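For reference, the structure is listed below as structure tokens.
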2 protein chains.
Amino acid sequence: MPAPRTPAGSARDRILHTAFRLFYAHGPRGVGVDTVIAESGVAKATLYKHFPRKDDLVLAYLDRVDQTWFGALRAAARDAGDEPRDQLVGMFDALVGACRRDGYHGCAFINTAAESPAGGPVHARTVEHKTVVRAWVTELARQAGAAEPELLARQLTLLLDGGLASGVLDGDPVIAEVARRSARTLVDAALR
Amino acid sequence: MPAPRTPAGSARDRILHTAFRLFYAHGPRGVGVDTVIAESGVAKATLYKHFPRKDDLVLAYLDRVDQTWFGALRAAARDAGDEPRDQLVGMFDALVGACRRDGYHGCAFINTAAESPAGGPVHARTVEHKTVVRAWVTELARQAGAAEPELLARQLTLLLDGGLASGVLDGDPVIAEVARRSARTLVDAALR
DNA sequence: GGATTTACAGACGGAGCTGTCTATAGGATC
DNA sequence: GATCCTATAGACAGCTCCGTCTGTAAATCC
């Protein structure tokens with residue numbers, strides 16, 4: 001395995017890092033391949049060697065988003081303590097944190113899916129991501145003792161999606177707080 | 001006022017109708033002006049006479065979406081009876097209906113905002129739309145006797161946004177039902 | 001030290017995009 | 001009937017985008 005010979009990591013990493021930043025800010029369709037190349041300081045041939053189609057780069061971007069966001073969700077839940085009941089509410093702190101972050105621009109998956117043809121690979125990857133997250137929430141709800149874990153999980157992920165999606169407009173952290181309070185109410189009602 | 005001389009309404013109406021259909025299906029950025037022209041059977045000069053910039057057409061599209069969606073929300077609320085408390089939940093029937101509709105593709109505002117530059121007219125129009133809807137819901141919540149009408153309105157519109165936004169992926173009507181049940185729980189909790 | 005791999009640099013074609021322009025035809029109005 | 005107004009039809013310029021291609025430099029491997 002050769003050591004990286006470029007200052008800021010391997011070419012592939014630089015491409016991905018730049019694509020992540022640009023795609024999230026302007027949407028994949030709003031960023032040309034030439035821009036990614038220019039800003040990552042990479043040759044065109046190099047980019048097309050690692051990502052033969054632009055779609056491949058978009059999918060790699062979504063994978064990175066998935067890791068980041070899902071990781072933040074689990075970390076927030078973990079930080080809420082050992083009680084699954086508290087973790088179900090605590091995961092919304094990830095939303096609070098996301099809204100506060102500079103350059104926050106909503107849900108990368110929804111934004112990307114909105115500009116991608118239905119039935120394409122981007123949609124499939126997005127559905128996959130949402131499914132994995134919901135399965136995790138469902139398991140938490142089951143551990144918490146919910147009578148209908150699937151329902152509660154759907155309710156909570158719906159809240160998450162709502163909070164994320166409306167972030168396209170204004171990263172108002174109050175929205176995340178509202179979502180958190182809603183989550184508390186729904187969890188309490190489901191576990192009463 | 002001259003009578004329409006074209007079979008399917010005035011040229012302006014045909015343009016708007018076609019743009020509505022195409023913009024909603026593929027996103028404004030995914031539809032070229034030439035396509036709108038071809039499918040609406042209109043001359044290029046005519047389109048640019050009515051809508052000097054493509055952005056003008058996009059904004060007119062959003063206005064039409066606003067009328068349609070807000071109208072559907074109010075109609076659903078009205079159909080739920082005279083009690084504001086029931087209307088707050090009943091408005092979610094508009095979401096149920098939207099999810100069932102063929103070609104459902106999520107929230108036109110969020111989808112469009114996601115691909116538009118932040119701070120631009122599209123964002124402003126979207127914020128305006130969301131503000132008007134939320135003000136209406138707030139008034140309903142006040143009439144229903146909520147202690148914190150603004151909070152309840154934010155919670156409910158957050159649910160609406162979540163249900164709409166996730167519709168980009170799958171128009172699963174179950175999501176709308178889940179949103180409706182969440183709304184019932186939140187309304188009950190707020191009015192207890 | 002030669003061969004191979006990897007990356008840089010950038011031209012290029014074909015397509016699509018927005019927006020302007022000219023030329024023309026058909027009703028409406030005076 | 002002459003004159004508008006509006007609409008059609010389509011060429012056109014200028015730009016951007018995606019993806020391919022050629023050529024070159026540097027680092028690694030045998």
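Values in this document were obtained by computation on a predicted structure and should not be read as measured data. Each chain gets a letter, A, B and so on, in the order its sequence line appears, and its residues count up from 1. What's counted below: heavy atoms across the whole structure, side chains too, no hydrogens, waters or symmetry copies.
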Any idea which of D/dA7, C/dT6, C/dG19 is nearest the A/Lys49 side chain?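 Taking heavy atoms from C-beta onward, the closest nucleotide is C/dT6.
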Looking at D/dA7, D/dG19, C/dT20, which one has an atom nearest to any side-chain atom of A/Tyr48?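 The closest nucleotide is D/dG19.
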Listed in order of residue number, which residues of residues 26-44 of chain B have a non-hydrogen atom at under 4.0 Å from DNA chain C?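 Here the set is B/Val31, B/Gly32, B/Val33, B/Asp34, B/Lys44.
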Would one find a side-chain N or O of A/His50 under 4.0 angstrom from OP1 or OP2 of C/dA7?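 For A/His50, the contact criterion (side-chain N or O under 4.0 Å from OP1 or OP2 of C/dA7) is met.
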Ignoring backbone atoms, establish whether A/Arg53 has a side-chain N or O less than 4.0 Å from OP1 or OP2 of D/dC18.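 False: A/Arg53 side-chain N/O out of range (4.0 Å or more) of D/dC18 OP1/OP2.
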Any ring pair (Phe, Tyr, Trp, His ring centres under 6.0 Å) pairs touching [range], not counting sequence neighbours?
range                       : value
residues 146-192 of chain B : none
residues 130-186 of chain A : A/Phe70-A/Trp136
residues 13-47 of chain A   : A/Phe20-A/Tyr61, A/Phe23-A/Tyr61

Most 5' of B/Ala45 and B/Lys54 on DNA chain C, judged by nearest nucleotide: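 Its nearest nucleotide being more 5', the pick is B/Lys54.
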Atom CZ of A/Arg134 with >12 non-hydrogen neighbours under 6.0 angstrom: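 Yes, because the 6.0 Å sphere around CZ of A/Arg134 holds more than 12 heavy atoms from other groups.
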A/Asp55 CG to D/dC17 P, straight-line distance once rounded to whole Å: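 Rounding to the nearest Å, CG of A/Asp55 and P of D/dC17 are 16 Å apart.
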Please list all pairs passing the salt bridge (charged side-chain N to carboxylate O under 4.0 Å, His left out) test where one or both residues lie in residues 117-126 of chain B, with sequence neighbours left out.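 Matches after skipping sequence neighbours: B/Asp63-B/Arg125.
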Pairs involving residues 66-85 of chain B, ordered by first then second residue, that meet salt bridge (charged side-chain N to carboxylate O under 4.0 Å, His left out) (sequence neighbours left out):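 Listed by first then second residue: B/Arg85-B/Asp188.
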Sequence neighbours excluded, every pair satisfying side chain to side chain donor-acceptor pair (under 3.5 Å) that has a member inside residues 93-112 of chain A: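 Every side chain to side chain donor-acceptor pair (under 3.5 Å) pair that includes a residue of residues 93-112 of chain A, provided the two are not neighbours, is A/Asp93-A/Arg180.
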Listing request: all side chain to side chain donor-acceptor pair (under 3.5 Å) pairs with a residue in residues 48-60 of chain B, at least two apart in sequence or in separate chains.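 Side chain to side chain donor-acceptor pair (under 3.5 Å) check on residues 48-60 of chain B returns no pairs.
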To the nearest 10°, let me know how far the axis at one end of the helix from C/dG1-D/dC30 to C/dC30-D/dG1 is tilted from the axis at the other, five pairs an end.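 Between the first-five-pair axis and the last-five-pair axis there is 0°.
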